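Before any comments, here is the structure.
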Amino acid sequence: MEKGFFQKVYDVASQIPYGRVTSYGAIASYIGSHGSARMVGWAMNSSKNLPQNLPAHRVVNRNGLLTGKQHFGGNDVMAQLLISEGLKVEDSKVLYFEKVFWDPAIEL
DNA sequence: TTGCTGACCGACG
DNA sequence: CCGTCGGCCAGCA
């Protein structure tokens with residue numbers, strides 16, 4: 001039974017530590033599907049059908065921009081969640097992104 | 001079954 | 001600098 005694409009995404013995303021963030025591309029690359037970053041985001045969209053254990057708010061784009069914030073049911077919900085974890089968010093963007101960046105290829 | 005779309009990224013002109 | 005296009009995989013009408 002090989003894990004499907006989504007399955008791998010969930011597996012990695014669910015392991016993102018508190019107060020850390022990663023990028024769609026990093027996850028895609030780690031699971032061996034470099035270029036399918038869009039699918040990572042799509043997997044997050046489908047996360048609604050999964051347990052809340054999936055910290056989708058800790059996944060941002062390459063620029064540290066909260067591109068998927070609108071899918072959290074609000075415009076600032078995602079930002080507030082990150083701020084609540086001790087991160088600095090300004091203008092829908094994670095400050096010190098490189099410092100809080102969690103790369104599965106390195107950390108995992 | 002076919003075809004379109006999507007929370008991205010990198011390349012090209 | 002900015003607009004456009006291709007690639008990747010899965011869900012839905």
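Order of the sequence lines fixes the chain letters, A, B, ..., with proteins taken first and strands second; residue numbering starts at 1 for each chain. All values derive from a computational prediction rather than experimental measurement.
- Comparing A/Ser36 and A/Ser46 against DNA chain C, the residue whose closest nucleotide sits nearer the 5' end is A/Ser36.
- Closest to the A/Arg38 side chain, of the nucleotides C/dA10, B/dC8, B/dA7, is B/dC8.
- As rounded to whole Å, 13 Å separates atom C1' of B/dG10 from atom CG of A/Asn61.
- Taking atom CE of A/Met44 as the reference point, atom P of C/dG11 lies 14 Å away to the nearest angstrom.
- Comparing B/dG6, B/dA7, C/dA10 by their nearest atom to the side chain of A/Met39 picks out B/dG6.
- A/Asp103 contributes a side-chain N or O that, together with a main-chain N or O of A/Ala105, makes up a donor-acceptor pair within less than 3.5 Å.
- Distance from the side chain of A/Trp42 is smallest to C/dA10 among B/dA7, C/dA10, C/dC8.
- For A/Phe5, counting side-chain heavy atoms from C-beta on, the closest listed nucleotide (C/dC9, C/dG11, B/dA7) is C/dC9.
- To the nearest angstrom, C1' of C/dA10 lies 15 Å from NZ of A/Lys48.
- With A/Ser36 contributing its side chain and A/Ser33 its backbone, the two residues share a donor-acceptor pair below 3.5 Å.
- Remark: side-chain polar atoms of A/Asp76 are not paired, donor with acceptor, to backbone N or O of A/Ala79 under 3.5 angstrom.
- The CZ atom of A/Phe97 sits 12 Å away from the C1' atom of B/dC8 (whole-angstrom rounding).
- For B/dC8, neither phosphate oxygen OP1 nor OP2 lies less than 4.0 angstrom from any side-chain nitrogen or oxygen of A/Ser23.
- Within 4.0 Å (heavy atoms only), A/Asn45 reaches at least one base atom of the nucleic acid.
- Ranked by how close their nearest DNA chain C nucleotide is to the 5' end, A/Ala37 and A/Phe6 are led by A/Ala37.
- Straight-line distance between the P atoms of B/dC4 and C/dC5: roughly 15 Å, to the nearest whole Å.
- With rounding to whole Å, A/His34 atom NE2 is found 7 Å from B/dG10 atom C1'.
- As judged by a 4.0 angstrom heavy-atom cut-off over every strand, A/Ser33 is placed among residues making no nucleic acid contact.
- A/Glu85 and A/Arg20 are not joined by a salt bridge, as no carboxylate oxygen comes within less than 4.0 angstrom of a charged side-chain nitrogen.
- Residue-environment remark: OH (A/Tyr18) exceeds the threshold of 12 foreign heavy atoms within 6.0 Å.
- Atom-to-atom, CG of A/Asn63 to C1' of B/dA7 comes out at 14 Å; the value is rounded to the nearest Å.
- Straight-line distance from the NZ atom of A/Lys69 to the P atom of B/dC8: 12 Å, rounded to whole Å.
- Separating the OH atom of A/Tyr24 from the C1' atom of C/dA10 is a distance of 17 Å, rounded to the nearest angstrom.
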